[in-house]
Number of protein chains: 2
Amino acid sequence: MEPTRWLDEQEQWTWRNFLWGARLLLEALDRQLQHDSEIPHTYYMVLAALSEAPERTLAMGQLAEVVCSSPSRLSHAVARLEDAGWIRRTKRPSDRRTTLAQLTDAGLATLAAAAPGHVEAVRQHLFDRLTRDQVRVLGEAFEAIHAGLDPEHTRRLPDRDGRS
Amino acid sequence: MEPTRWLDEQEQWTWRNFLWGARLLLEALDRQLQHDSEIPHTYYMVLAALSEAPERTLAMGQLAEVVCSSPSRLSHAVARLEDAGWIRRTKRPSDRRTTLAQLTDAGLATLAAAAPGHVEAVRQHLFDRLTRDQVRVLGEAFEAIHAGLDPEHTRRLPDRDGRS
DNA sequence: GGCCGTTGGTTGAGACCTCAACCAACAGCC
DNA sequence: GGCTGTTGGTTGAGGTCTCAACCAACGGCC
């Protein structure tokens with residue numbers, strides 16, 4: 001058992017800024033979307049992803065990857081979006097296991113109505129506050145972060161008592 | 001109504017990396033804590049904040065600020081932590097409106113047990129993947145972000161139909 | 001003292017998310 | 001055909017979070 005490598009001053013400061021900033025940012029965006037368009041940000045991403053897909057259609061699995069969501073979360077989300085009439089679910093004929101999600105016209109309209117306000121909020125809270133260089137570094141940093149996390153997204157952790 | 005200033009290539013790329021990276025990172029940390037210590041990351045922050053306060057005690061309001069939480073969320077959280085025996089709640093004698101939250105010995109022990117694994121995870125998923133410069137810029141960027149968001153955290157948004 | 005606005009927290013309902021269990025359709029193999 | 005394992009999704013229970021409503025204690029003012 002190695003001794004714990006605690007965070008130094010700068011790391012603590014950075015970590016705290018990240019946690020606060022990310023939380024406030026995501027909350028602000030969620031509130032804006034919820035308030036103006038009655039959609040949570042997660043659902044917005046689903047609609048946006050479908051709108052860019054060929055035929056505005058994607059299999060659940062692919063959609064989950066594109067929006068970076070667990071199958072379960074996506075399933076719940078799409079169920080709700082279907083209730084709202086914004087998405088249609090059908091089975092793929094050639095393999096009746098996979099479910100295809102298609103954005104309806106109503107869904108596209110909702111998305112189109114929500115998009116400008118959302119983008120404006122992202123700009124206002126994020127990009128307007130950063131220099132071009134900061135934006136570049138931010139992108140590179142998070143690319144590195146999620147590159148390390150993505151593959152083993154589902155990897156199993158060792159049991160906490162070591163009796164696994 | 002100004003025309004929407006859409007995101008350019010780099011901004012989209014950065015935004016996406018941030019969303020994915022932040023989500024995966026926070027999920028990974030939450031899973032690690034949940035798995036090894038059975039506490040969500042939010043609750044961990046509450047315990048950590050109290051552990052650093054004088055007398056291991058803070059008023060709910062101050063605690064909420066320190067952990068960047070809404071009063072409601074904190075109230076629910078502390079209620080649960082009190083059930084677990086990790087926090088004690090009392091009224092301040094000089095002003096019986098304010099509730100004081102104090103970390104118990106059991107709470108401190110839980111925190112001490114959880115901390116090394118958590119810090120290790122933060123290191124592994126975040127700091128080990130970034131250069132010193134990236135860390136610095138990251139800290140500065142998020143400082144700017146939450147500086148702009150913090151004060152008007154509770155500000156009122158205009159009604160979406162403009163009839164307010 | 002008694003009213004009134006403010007401050008500090010709590011509560012309940014409803015929404016979203018996680019985890020684990022489940023199910024149905026396919027594919028390989030005998 | 002009939003097993004068996006795998007793949008693709010769904011479901012339900014339980015937990016956390018949000019929002020709005022609420023309540024109790026204080027402070028100022030008459």
Side-chain angles (χ1 to χ4, degrees), chain A residues 23-24 26-46 58-84 87 89-101 153-157 159, chain B residues 23-24 26-46 58-84 87 89-101 153-157 159:
Chain A
R23 189 197 302 256
L24 288 172
L26 294 174
E27 279 177 1
L29 293 177
D30 230 341
R31 241 195 307 278
Q32 182 272 325
L33 271 177
Q34 197 70 255
H35 178 91
D36 291 357
S37 313
E38 315 208 315
I39 323 181
H41 182 238
T42 317
Y43 292 14
Y44 176 90
M45 292 204 299
V46 172
L58 239 36
M60 294 298 279
Q62 320 223 340
L63 185 50
E65 265 198 26
V66 175
V67 301
C68 187
S69 169
S70 72
S72 172
R73 171 160 70 201
L74 182 62
S75 197
H76 285 295
V78 170
R80 256 183 160 287
L81 291 170
E82 190 173 34
D83 288 348
I87 284 186
R89 268 192 291 197
T90 53
K91 294 289 186 188
R92 166 180 288 151
S94 63
D95 179 350
R96 302 185 31 69
R97 282 173 303 182
T98 82
T99 313
L100 300 172
H153 183 188
T154 50
R155 90 176 174 294
R156 202 161 315 292
L157 295 164
D159 187 284
Chain B
R23 190 198 299 259
L24 289 172
L26 294 174
E27 279 177 1
L29 293 178
D30 231 342
R31 240 194 308 277
Q32 183 272 325
L33 271 176
Q34 197 69 257
H35 178 91
D36 291 357
S37 312
E38 316 209 315
I39 36 177
H41 182 238
T42 317
Y43 292 14
Y44 176 90
M45 293 202 299
V46 172
L58 240 35
M60 295 297 281
Q62 319 224 341
L63 186 50
E65 266 198 26
V66 176
V67 301
C68 187
S69 169
S70 72
S72 171
R73 171 160 68 203
L74 182 62
S75 197
H76 285 296
V78 170
R80 260 187 157 285
L81 291 170
E82 190 172 34
D83 288 348
I87 283 186
R89 267 192 293 197
T90 53
K91 294 289 184 187
R92 165 180 290 151
S94 63
D95 179 350
R96 302 187 29 70
R97 282 172 304 183
T98 80
T99 315
L100 300 172
H153 183 188
T154 50
R155 90 176 173 297
R156 203 161 311 294
L157 295 165
D159 188 284

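Numbered from 1 within each chain, the chains take letters A, B, ... in sequence-line order.
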Could you state the atom-to-atom distance from CD of Glu38(A) to C1' of dA15(C) in whole Å?
13 Å

Sub-4.5 Å side-chain heavy-atom contact between Lys91(B) and Thr99(B)
yes

Take the protein atom CD of Glu27(A) and the nucleotide atom P of dT16(D), then report the distance between them rounded to whole Å.
17 Å

Roughly how many Å is it from CG in Leu29(B) to C1' in dT18(C), rounded to a whole number?
16 Å

Want to settle it: does Thr99(A) or Thr42(B) sit nearer the 5' end of DNA chain D, counting the closest nucleotide to each?
Thr99(A)

Measure from CG on Asp95(B) to P on dT7(C) and round the result to the nearest Å.
12 Å

With a 3.5 Å cut-off and heavy atoms only, can you find an N or O donor on one side and an acceptor on the other between the side chain of His76(B) and the base of dT18(D)?
yes

Look at Arg73(B) and dT18(D) and indicate whether a side-chain polar atom (N or O) is within less than 4.0 Å of OP1 or OP2.
yes

Taken to the nearest whole Å, CG/Asp83(B) to P/dT16(D) is 11 Å

For Ala59(A), report the nucleic acid contact type (base, sugar-phosphate, nothing); a contact means any heavy atom under 4.0 Å.
sugar-phosphate

If only side-chain N and O atoms of Tyr43(B) are considered, is one of them under 4.0 Å from the OP1 or OP2 phosphate oxygen of dG15(D)?
no

Return the value, rounded to whole Å, for the distance between atom CG of Leu58(B) and atom P of dG9(C).
10 Å

Respond yes when some side-chain nitrogen or oxygen of Ser70(B) is under 4.0 Å from OP1 or OP2 of dT18(D), and no when none is.
yes

Would you tabulate the pairs of protein nitrogen or oxygen atoms and nucleotide nitrogen or oxygen atoms of nucleotides 20-23 of chain D closer than 3.5 angstrom?
none

In whole Å, I'd like the distance from the CZ atom of Arg80(A) to the P atom of dT11(D).
14 Å

At under 4.0 Å between heavy atoms, what does Ser75(B) touch on the DNA or RNA strands: base, sugar-phosphate, or nothing?
base

Winner on side-chain proximity to Arg97(B), out of dC19(D), dC26(C), dA24(D), is dA24(D)

Indicate, with a heavy-atom threshold strictly under 4.0 Å, whether Ala77(A) touches base, sugar-phosphate, or nothing.
nothing

Taking the side chain as every heavy atom from C-beta outward, state whether Arg80(A) and His76(A) have any pair of such atoms under 4.5 Å apart.
no

Quick check: do Gln34(B) and Ile39(B) have side-chain heavy atoms less than 4.5 Å from each other?
no

Scan side-chain atoms only and decide if Gln32(A) and Asp36(A) contain a donor-acceptor pair under the 3.5 Å cut-off.
yes

Minimum heavy-atom separation for Ser75(B) to Met60(B), with atom names?
CA-CE, 3.9 Å

By the 4.0 Å heavy-atom rule, please label Arg89(A) as base, sugar-phosphate, or nothing.
sugar-phosphate

What's the shortest heavy-atom distance between Ala64(B) and Leu74(B), and which atoms?
N-CD2, 3.4 Å

Without decimals, in angstroms, what is the distance between Met60(B) CE and dG9(C) C1'?
7 Å

Side-chain heavy-atom pair Val46(B), Ile87(B) within 4.5 angstrom cut-off:
yes

Please check if atom CZ in Arg89(A) has more than 12 non-hydrogen atoms from other residues, nucleotides or ligands closer than 6.0 Å.
yes

